[in-house]
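Worth knowing before you read on, the calculation uses all heavy atoms, side chains too, and leaves out hydrogens, waters and symmetry mates. Every chain is numbered from 1 and lettered A, B, ... according to where its sequence line falls, protein lines coming before strand lines.
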Number of protein chains: 2
Amino acid sequence: MNEIRTAPNKYEKILENNNIKPTAMRLLVLQFLLNKNVATSLTDVENYFAKSDRTTLYRTLKTFVEKGISHKIDDGTGITKYALCEDNCRCEIDTDLHLHFHCTKCSETVCITEYKIPPIHLPKDYIAENVNLVVKGICDKCNSK
Amino acid sequence: MNEIRTAPNKYEKILENNNIKPTAMRLLVLQFLLNKNVATSLTDVENYFAKSDRTTLYRTLKTFVEKGISHKIDDGTGITKYALCEDNCRCEIDTDLHLHFHCTKCSETVCITEYKIPPIHLPKDYIAENVNLVVKGICDKCNSK
DNA sequence: TGCCCTATGCAACGGAAGTGCATTATTTGC
DNA sequence: GCAAATAATGCACTTCCGTTGCATAGGGCA
């Protein structure tokens, strides 16, 4: 497509593989999310990139979710968080959905990807399309302090 | 306490048993919640009691939660819902917490009290205090239409 | 009756998500 | 290389919901 350009770096590749045009802002946000290992709110991103506009960041995160490299997290705080998906995640029920842990002490939300959500039993005629499991409590870091 | 008064009806008893002064508004809201078998938002209550004030209803629901006859539900829609607890519910993890089902078709949220939340495995040093499990999909009513 | 405490009603605030639109940057076709 | 088209960005503004402050009304109790 653009052989003339410099070879895309790691971050550009991630975006391009998911049909996201790698603009400067998107690359920075992607990098920021990759470096953070906790779920990140729009406000978090906004504070980090003080110079940039909230709407742009909002739409950047939205694009990431729509294109499937990130997922939205509702951790019950009322503030939407975002976290990058694991490789090969298709955000599908029974295979990809993991639980989220919100620490009431440090207020951080993390993805617990090691443990998938156990199979949910539903009454007759109910069809599950999506599952959100949030555990609140004390995280390992705060617990060991 | 007040032998002179008319014997308290079913609704008054519920409130008095939980140290809630049975005012007219509270009795009406309680009755409304009892009749609805789906989780109810403040706006729902507000629309039903068109004459009453939003704040009063808000605080009524808040009181119900604080006194333990109702629980707050975060079903991921961003709108807080309320539902009356089952009898003897102490809202405790591993015994009382049930899952909530949000139907994407009729937009209603129901408590699935028949199925408790399965035991959650957490990595080392994590302490669970609260669990919120929301399943989204198609409910039985919408599915059979 | 008068006091006190609680419940209620009105108004306003605040945070966060989301939208409309003009501007700037980047492709694409010629 | 230039102009048109398309996409991304930035600013302003709106909306929605939860929440709080404060003044008023009501009900129990001395």
Given atom [atom1] of [X] and atom [atom2] of [N], what is their separation to the nearest angstrom?
| X | N | atom1 | atom2 | value |
| --- | --- | --- | --- | --- |
| A:E66 | C:dG18 | CD | P | 11 Å |
| B:L42 | D:dC16 | CG | C1' | 12 Å |
| A:K81 | C:dA16 | NZ | C1' | 13 Å |
| A:D74 | C:dA16 | CG | C1' | 13 Å |
| A:E46 | D:dT9 | CD | P | 15 Å |
| A:L57 | D:dC11 | CG | C1' | 14 Å |
| A:K21 | D:dA8 | NZ | P | 5 Å |
| A:L15 | C:dT26 | CG | P | 15 Å |

Phosphate OP1/OP2 of D:dT19 contacted by B:Y58 side-chain N/O (<4.0 Å)
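True: B:Y58 side-chain N/O within range (under 4.0 Å) of D:dT19 OP1/OP2.
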Does C:dA17 have OP1 or OP2 sitting under 4.0 Å from an N or O in the side chain of A:T80?
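Yes.
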Would you say [X]'s side chain and [Y]'s backbone share a donor-acceptor pair under 3.5 angstrom?
| X | Y | answer |
| --- | --- | --- |
| A:S41 | A:K81 | no |
| B:T109 | B:S107 | no |
| A:D125 | B:N143 | no |

So, using ring pair (Phe, Tyr, Trp, His ring centres under 6.0 Å) as the criterion, who are the partners of B:H102 when residues are at least two apart?
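So B:H102 forms no ring pair (Phe, Tyr, Trp, His ring centres under 6.0 Å) with any residue.
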Under the ring pair (Phe, Tyr, Trp, His ring centres under 6.0 Å) rule, collect the residues that match up with A:Y82, sequence neighbours excluded.
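Here no residue qualifies.
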Dump the pairs, protein N or O against N or O of nucleotides 8-11 of chain C, anything under 3.5 Å, distances to one decimal.
unit_1, atom_1, unit_2, atom_2, d
C:dT8, OP1, B:T23, OG1, 2.8
C:dG9, OP2, B:T56, OG1, 3.0
C:dG9, O6, B:R59, NH2, 2.5
C:dC10, N4, B:T55, OG1, 3.1
C:dA11, N6, B:T55, OG1, 3.3

So if I apply the side chain to side chain contact (heavy atoms under 4.5 Å, CB included) rule between A:I69 and each of A:N19, A:T63, A:I20, which one comes out positive?
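Per the side chain to side chain contact (heavy atoms under 4.5 Å, CB included) rule, the option paired with A:I69 is A:I20, out of A:N19, A:T63, A:I20.
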Determine which pairs satisfy salt bridge (Lys or Arg N to Asp or Glu O under 4.0 Å) with at least one residue from residues 47-66 of chain A, sequence neighbours left out, and list them in order.
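Counting only pairs at least two positions apart or across chains, no salt bridge (Lys or Arg N to Asp or Glu O under 4.0 Å) contact touches residues 47-66 of chain A.
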Steps toward side chain to side chain contact (heavy atoms under 4.5 Å, CB included) verdict (B:V131, A:L133):
CA-CA 7 Å; B:V131 177; A:L133 176 55; 3.5 Å; yes
Listed nucleotide nearest any side-chain atom of A:R54, set D:dC17, C:dA16, C:dG18
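Shortest atom-to-atom distance from the side chain points to C:dG18.
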Using rotation axes that map the C1' atoms of four end pairs onto the next four (five pairs an end), what angle separates the end axes of the helix from C:dT1-D:dA30 to C:dC30-D:dG1, to 10°?
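The angle, to the nearest 10 degrees, is 10°.
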Enumerate the ring-ring contact (aromatic ring centres under 6.0 Å, His included) contacts for residues 14-45 of chain B, please, sequence neighbours excluded, ordered by first and then second residue.
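The answer is B:F32-B:Y48, B:F32-B:F49.
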